[in-house]
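First up is the structure itself, then whatever we jot down about it.
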Amino acid sequence: MATIRQLQATLRLTYGLVPIVAGLDKFTNLLAQWSDYLGTNGRLIPFDPAVFMKAVGIIEIIAGILVLAIPRIGAFVVMAWLLCIAAQLVVSGHYFDVAVRDIVMAIGAWTLAQLSKMQPSNAE
């Protein structure tokens, strides 16, 4: 049976590394053509969507590092970020499946934050 510490470590690595990888991919577009996820909202951005997505990538990398360093705070940041992404996708009228996935991931990030309150990790 897994302990709270093991569950926390699994979620911490997941919610720390995935945003870092996704953030880095905003510079290479190997996993996805990220600017496509802006949909029609891309027209609202006063500069090139690719530049915007690189800024998003930097924020995601920072959020992932924050989860790895201070999970009880970083998990809330990632949760809020995922909910914002899901809301943007719903407003754009596209990628509803990704929006649902991001909401589920936000619940997982919230769970990490709660576990981190119960039993702080060794790094904190």
message = Given 3.5 Å as the limit, does a donor-acceptor pair link the side chain of Tyr15 with the main chain of Ala63, or not?
response = no
ask   = Under a single-linkage definition using a 4.5 Å side-chain heavy-atom cutoff for Ile, Leu, Val, Met, Phe, Trp and Tyr, are Leu82 and Phe96 assigned to the same hydrophobic cluster?
value = no
task = Decide yes or no for Leu89 and His94: does some side-chain heavy atom of the first lie under 4.5 Å from some side-chain heavy atom of the second?
result = no
request  = Work out which heavy atom in Gly16 is nearest to a heavy atom in Val67; give both atom names and the distance.
outcome  = N-CG1, 3.7 Å
Smallest separation among heavy atoms of Lys26 and Met53, with atom names = CB-O, 3.3 Å
task = Determine whether Leu66 and Phe76 make a side-chain contact, defined as any pair of heavy atoms from C-beta on separated by less than 4.5 Å.
result = no
key: Donor-acceptor contact below 3.5 Å, side chain Asp102 vs main chain Ile85   = no
inquiry  = One pair to check against side-chain contact (heavy atoms from CB on, under 4.5 Å): Leu112 and Val78. What are the steps and the verdict?
reply    = CA-CA 10 Å; Leu112 172 58; Val78 169; over 6 Å; no
ask   = Between Val56 and Trp34, is a side-chain contact (heavy atoms from CB on, under 4.5 Å) present by the stated rule, with each step listed?
value = CA-CA 10 Å; Val56 167; Trp34 294 103; over 6 Å; no
query = Does Trp110 share a hydrophobic cluster with Leu83, counting links as ILVMFWY side-chain heavy atoms below 4.5 Å and allowing steps through other members?
reply = yes
task = Drop me the distance from Gln6's CD to Thr10's OG1, to the nearest 0.5 angstrom.
result = 7.5 Å
ask   = Taking all atoms of both residues into account, what is the closest heavy-atom pair of Pro49 and Ser35, and its distance?
value = CB-CB, 3.8 Å
query = Of all heavy-atom pairs between Pro71 and Ser116, which one has the smallest distance, and what is that distance?
reply = CB-OG, 3.6 Å
ask   = Are Asp25 and Thr28 close enough that some pair of their side-chain heavy atoms sits under 4.5 Å apart?
value = yes
Shared hydrophobic cluster for Ile45 and Val90 (ILVMFWY, side-chain gaps under 4.5 Å) = no
message = Can you give me the closest heavy-atom contact between Met118 and Ile4, atom names plus distance?
response = CE-CD1, 3.4 Å
remark   = Value for CD (Gln8) from CG (Leu13), rounded to nearest 0.5 Å, stands at 10.5 Å
query = Does the side chain of Ile20 reach to within under 4.5 Å of the side chain of Leu68, using non-hydrogen atoms?
reply = yes
request  = Rounded to the nearest 0.5 Å, what's the gap from CZ on Arg72 to CG on Leu115? Could you check?
outcome  = 13.5 Å
key: Hydrophobic cluster identity match, Leu44 and Ile59, side-chain contacts under 4.5 Å   = no
request  = Identify whether Leu24 and Leu17 are in the same connected component of the hydrophobic contact network (ILVMFWY, side-chain heavy atoms under 4.5 Å).
outcome  = yes
